[in-house]
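Heavy-atom basis, side chains included; hydrogens, waters and symmetry copies ignored. All figures in this text were calculated on a predicted structure; none of them were measured in a lab.
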Amino acid sequence: MTGSTTGPTRRGLFVTGAATALTLGGVSFADAAPSGGEETRTVRGTLPPGSPDYVYLPVEVPRGVREIAVSYTYERPPVPAGTQGNALDIGIFDERGTGLGGRGFRGWSGGARPEFFLRADAATPGYVPGPVRAGTWHIVLGPYTTAPGGLPYAVTVTLRYGAPGSTPAPVYPPERAMGRGRAWYRGDCHLHSVYSDGRRTPAEIAAAARAAGLDFINTSEHNTHAAHSAWEGLWGPHPDGELLILTGEEVTTRNGHVVAVGTDPGTFVDWRYRARDNRFGHYAREIRRAGGLVVPAHPHATCVGCNWKFGFGEADAVEVWNGPYTPDDEIALASWDSTLATGGGRGWTPAIGGSDAHREPQLVGLPQTVVLADDLTREAILDGIRAGRSYLAESSAVSLAFGVSGGRARHAGIGERLAVGAGTPVTVRLDVTGAPGCTVRFVTDQGTLHTAPLPASGAGTVEWRTTPRYAAYVRAEVRHPPAPDAPGLPGAPAALTNPVFLGGADGAP
């Protein structure tokens with residue numbers, strides 16, 4: 001690994017305490033701040049193939065700095081077919097250090113933008129406003145992929161001097177919105193704005209969410225919590241209804257992504273580890289301690305670093321439908337379904353969906369998670385998701401009512417158990433609206449045991465009779481016709497439900 005600096009520098013290459021990080025020689029500035037002026041230094045170097053996941057560039061910040069601004073470039077030479085080219089992420093930690101847990105974290109933009117700034121009263125989206133205090137700051141470089149010839153880069157740091165200014169208190173979304181009492185609420189738990197690699201502003205996302213008929217959304221920017229305070233005035237009141245805005249993060253590691261849903265505002269979750277480091281369990285518990293849910297995202301996606309490698313023992317739910325339905329989602333759905341029989345309905349992991357929408361024409365609310373909750377509050381929505389009282393729909397036009405009944409007029413809905421004997425006759429019923437041309441499938445631990453087409457209107461009722469001995473659980477799928485270019489695959493879903501479990505009485509499984 002090589003490097004050079006224009007201006008004073010502290011020479012040397014240091015290995016940090018983390019096995020997957022290196023610290024470069026540092027950049028220093030004048031000890032005495034010029035009055036109202038600025039200073040700039042540029043660092044150049046080349047990261048070789050096989051570089052650590054994170055490379056830290058120390059910057060010695062003197063007293064009197066009002067603003068720090070950073071820009072960077074890197075070379076992207078052509079590479080042979082089938083070979084990964086260069087991609088370099090960037091972020092920054094302040095004088096409190098780079099230790100895991102993120103005490104010094106001040107922002108991350110990944111590869112979404114070539115420059116950023118931060119000062120007391122403002123910062124580039126994705127970065128946290130606050131004072132620029134004297135001490136050793138660290139620019140963090142993340143060589144996401146590296147070409148065979150290496151990754152040449154240049155980082156330019158500018159310090160602007162002057163009065164520090166003041167940092168306004170953050171305004172976070174309220175934990176309650178005007179709801180309808182116990183009802184089904186529609187939401188999108190996976191969204192991106194300009195605060196990470198999205199193109200929509202928070203205002204545009206809020207407008208798109210209301211247009212999609214959503215009641216709640218979850219902010220889930222890649223590796224930053226900076227958007228938590230960016231939603232002031234967007235939750236309501238509003239002619240199209242109030243919007244519950246949950247705060248979270250998409251924790252984007254090199255071994256998969258996990259969406260933290262509904263964490264306490266201001267919570268940062270670290271991402272600098274792989275499965276081999278045995279740290280994920282700690283940060284999953286941090287998410288739950290902050291009141292949130294741990295949701296592995298697009299677990300079978302094929303992009304570099306996207307496929308989930310941490311196992312599902314810490315998951316509160318799993319995202320089985322991510323944006324427009326793809327074969328990756330079909331694999332995720334089948335993989336999730338295969339876990340339902342072994343749990344017997346005890347300790348099972350519910351399924352959710354999220355649009356992962358970044359920009360037009362990607363649709364906010366495709367799909368949406370429809371949750372039965374006691375009210376439109378953070379606590380009630382998260383309780384409903386955690387309990388599996390939810391289904392997924394492609395839009396607000398699709399509505400379901402799904403449940404089972406049998407044995408002394410007992411009834412169980414989505415995410416619940418019908419506790420009757422193994423041989424008790426059970427009636428499974430699904431009411432559907434908004435799904436023209438679709439077919440209903442009832443899926444059990446044995447597979448799909450009943451199918452029925454819906455009327456041309458897309459509204460109808462499908463019933464099927466079984467017993468707990470024959471079906472340990474039942475869930476419903478509403479599917480479009482198979483695509484002509486995907487032979488052998490079922491059509492994309494219009495809706496999917498979490499299961500209803502059968503049995504559990506009189507010694508039944």
Participant: Quick one: do Glu204 and Arg199 satisfy salt bridge (Lys or Arg N to Asp or Glu O under 4.0 Å)? Show the steps, please.
Facilitator: CA-CA 9 Å; Glu204 289 169 334; Arg199 294 293 179 266; over 6 Å; no
Participant: Within the distance-only criterion (no hydrogens, no angle test), does the side chain of Ser355 pair as donor or acceptor with the backbone N or O of Gly323 below 3.5 angstrom?
Facilitator: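 Not a single qualifying donor-acceptor pair exists.
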Participant: Under 3.5 Å, side chain of Asp197 to main-chain N/O of Ala112, donor-acceptor pair present?
Facilitator: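 Absent.
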Participant: With a 4.0 Å cut-off on N to O distance, would you call Asp316 and Arg386 a salt bridge?
Facilitator: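 Salt bridge flag = no for Arg386 with Asp316.
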Participant: Evaluate the criterion salt bridge (Lys or Arg N to Asp or Glu O under 4.0 Å) for residue pair Arg186 and Asp215; output intermediate values, then yes/no.
Facilitator: CA-CA 5 Å; Arg186 296 174 179 267; Asp215 301 294; 6.0 Å; no
Participant: Do Trp321 and Asp356 touch side chain to side chain, with heavy atoms closer than 4.5 Å?
Facilitator: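 When only atoms from C-beta onward are counted, Asp356 and Trp321 do not touch, as no gap falls below 4.5 Å.
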Participant: Run the side chain to side chain contact (heavy atoms under 4.5 Å, CB included) check on Arg274 and Asp53 step by step: do they pass?
Facilitator: CA-CA 9 Å; Arg274 294 195 186 198; Asp53 290 345; 2.7 Å; yes
Participant: Do the charged groups of Arg200 and Glu221 touch, with an N to O distance under 4.0 Å?
Facilitator: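 Salt bridge between Arg200 and Glu221, a charged N being under 4.0 Å from a carboxylate O: no.
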Participant: Any ion pair linking Arg475 and Asp337 (charged N to carboxylate O, less than 4.0 Å)?
Facilitator: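 Salt bridge flag = yes for Arg475 with Asp337.
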Participant: Going through the distances and angles, do Glu60 and Thr136 end up as a side-chain hydrogen bond (donor to acceptor under 3.5 Å, both in side chains)?
Facilitator: CA-CA 5 Å; Glu60 298 299 334; Thr136 303; 2.9 Å; yes
Participant: Verify the distance criterion only: is there a donor paired with an acceptor across the side chains of His192 and Glu250 at less than 3.5 Å?
Facilitator: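 Per modelled atom types, His192 and Glu250 side chains form a pair under 3.5 Å.
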Participant: So, Asn498 side chain and Ser390 main chain: donor-acceptor pair closer than 3.5 Å or not?
Facilitator: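 The answer is yes, because a donor-acceptor pair under 3.5 Å joins these two groups.
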Participant: Quick check: does any side chain N or O of Trp137 sit under 3.5 Å from a backbone N or O of Ile139, one acting as donor and the other as acceptor?
Facilitator: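 Checked: no pair found.
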Participant: For the residue pair His225 and His228, categorise the inter-ring angle as parallel (less than 30°), tilted (30 to 60°) or perpendicular (more than 60°).
Facilitator: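 The arrangement is perpendicular - the two ring planes meet at more than 60°.
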Participant: Using side chain to side chain contact (heavy atoms under 4.5 Å, CB included) as the criterion, point out the one residue from Thr145, Asn86, Leu141, Val55 that pairs with Leu151.
Facilitator: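 When side chain to side chain contact (heavy atoms under 4.5 Å, CB included) is applied between Leu151 and each of Thr145, Asn86, Leu141, Val55, only Asn86 qualifies.
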Participant: Taking Asp188 for the side chain and Gly354 for the main chain, is one N or O donor matched with an acceptor at less than 3.5 Å?
Facilitator: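 Side chain of Asp188 to backbone of Gly354, a donor-acceptor pair under 3.5 Å: no, none is there.
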Participant: Given the ring of Tyr54, does Arg254 sit roughly above its face, with NZ or CZ under 6.0 Å from the centre of the six-membered ring and within 45° of the axis?
Facilitator: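 So Arg254 does make the cation-pi contact.
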Participant: Just by distance, do the side chain of Trp336 and the backbone of Thr339 share a donor-acceptor pair under 3.5 Å?
Facilitator: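 Judged by distance alone, no pair lies under 3.5 Å.
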Participant: Where the side chain of Asn255 meets the backbone of Lys309, is there a donor-acceptor pair that is under 3.5 Å apart?
Facilitator: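 No; judged by distance alone, with no hydrogens or angles, the pair does not exist.
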Participant: Regarding Arg41 and the six-membered ring of Phe29, is the cationic atom NZ or CZ under 6.0 Å from the ring centre and inside 45° of its axis?
Facilitator: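 Judged by the rule (NZ or CZ under 6.0 Å from the ring centre, within 45° of its axis), Arg41 counts as positioned above Phe29.
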Participant: Looking at side-chain heavy atoms only, is the closest gap between Ile92 and Tyr127 below 4.5 Å?
Facilitator: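 SC-SC contact between Ile92 and Tyr127 confirmed.
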Participant: Before accepting this row, confirm whether a basic side-chain N of the pair Glu115/Arg113 lies closer than 4.0 Å to the acidic partner's carboxylate O.
Facilitator: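 Answer for the salt bridge query: no.
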Participant: Among side-chain atoms of Thr42 and Thr156, is any donor-acceptor pair under 3.5 angstrom?
Facilitator: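 Side-chain D/A pair, Thr42 to Thr156: present.
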Participant: What are the two closest heavy atoms between Arg66 and Arg119, and how far apart are they?
Facilitator: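 Taking Arg66 first and Arg119 second, the nearest heavy atoms are O-CB, 3.2 Å.
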Participant: Testing the 3.5 Å rule here: is there a donor-acceptor pair between the side chains of Thr219 and Thr247?
Facilitator: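 No - no donor-acceptor pair under 3.5 Å links their side chains.
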Participant: Using modelled atom types and a 3.5 Å cut-off, is there a donor and acceptor pairing between side-chain atoms of Glu319 and backbone atoms of Gly353?
Facilitator: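 It does not hold such a pair.
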Participant: Within the side chain of Arg272, is there an N or O that forms a donor-acceptor pair under 3.5 Å with the backbone of Thr98?
Facilitator: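 Indeed, once roles are kept as given, a pair shorter than 3.5 Å links the two residues.
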Participant: For Arg389 and Asp383, run salt bridge (Lys or Arg N to Asp or Glu O under 4.0 Å): C-alpha distance rounded to whole Å, both residues' side-chain angles, the deciding distance at 0.1 Å, then the answer.
Facilitator: CA-CA 9 Å; Arg389 297 191 303 266; Asp383 283 349; 6.0 Å; no
Participant: Quick check: are there more than 12 heavy atoms from other residues, nucleotides or ligands sitting under 6.0 Å from CZ of Arg103?
Facilitator: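 No, the 6.0 Å shell around CZ holds no more than 12 heavy atoms from other groups.
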Participant: What's the verdict on side-chain hydrogen bond (donor to acceptor under 3.5 Å, both in side chains) for Glu330 and Tyr325, showing C-alpha distance, side-chain angles and the deciding distance?
Facilitator: CA-CA 8 Å; Glu330 191 67 32; Tyr325 202 77; 2.8 Å; yes
Participant: For the residue pair Tyr273 and Thr253, confirm or rule out a side-chain donor-acceptor distance under 3.5 Å.
Facilitator: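 No donor-acceptor contact under 3.5 Å links the two side chains.
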Participant: Between Thr267 and Asp264, does any side-chain donor sit less than 3.5 Å from a side-chain acceptor?
Facilitator: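 Their side chains do not contain a donor-acceptor pair, so the 3.5 Å distance test is not met.
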Participant: Do Asp329 side-chain atoms and Asn322 backbone N/O form a donor-acceptor pair below 3.5 Å?
Facilitator: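 Yes; judged by distance alone, with no hydrogens or angles, the pair exists.
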Participant: Give the minimum heavy-atom separation between Ala206 and Trp231, together with the two atoms involved.
Facilitator: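 Looks like N-CZ3, 4.4 Å.
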Participant: Is there a salt bridge (Lys or Arg N to Asp or Glu O under 4.0 Å) between Arg160 and Glu39 once you walk through the steps?
Facilitator: CA-CA 7 Å; Arg160 298 186 174 101; Glu39 290 186 285; over 6 Å; no
Participant: Evaluate the ring planes of Trp271 and Trp108, with Trp represented by its six-membered ring, and classify them as parallel (under 30°), tilted (30 to 60°) or perpendicular (over 60°).
Facilitator: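 Because their plane-to-plane angle lies in the 30° to 60° range, the rings of Trp271 and Trp108 count as tilted.
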Participant: To the nearest 0.5 Å, what is the distance between CD1 (Ile381) and CD (Glu175)?
Facilitator: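 The distance works out to 12.5 Å.
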Participant: A cation-pi test, strictly: NZ or CZ of Arg96 under 6.0 Å from the centre of the six-membered ring of Phe93 and no more than 45 degrees from its axis. Yes or no?
Facilitator: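 No - Arg96 does not lie over the ring of Phe93 by the 6.0 Å and 45° rule.
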Participant: For His300 and Asp328: C-alpha separation, side-chain torsions, deciding distance, then whether side-chain hydrogen bond (donor to acceptor under 3.5 Å, both in side chains) applies.
Facilitator: CA-CA 6 Å; His300 292 275; Asp328 295 345; over 6 Å; no
Participant: State, without any angle test, whether Asn218 and His190 hold a side-chain donor-acceptor pair at a distance under 3.5 Å.
Facilitator: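 Absent: no donor and acceptor within the cut-off.
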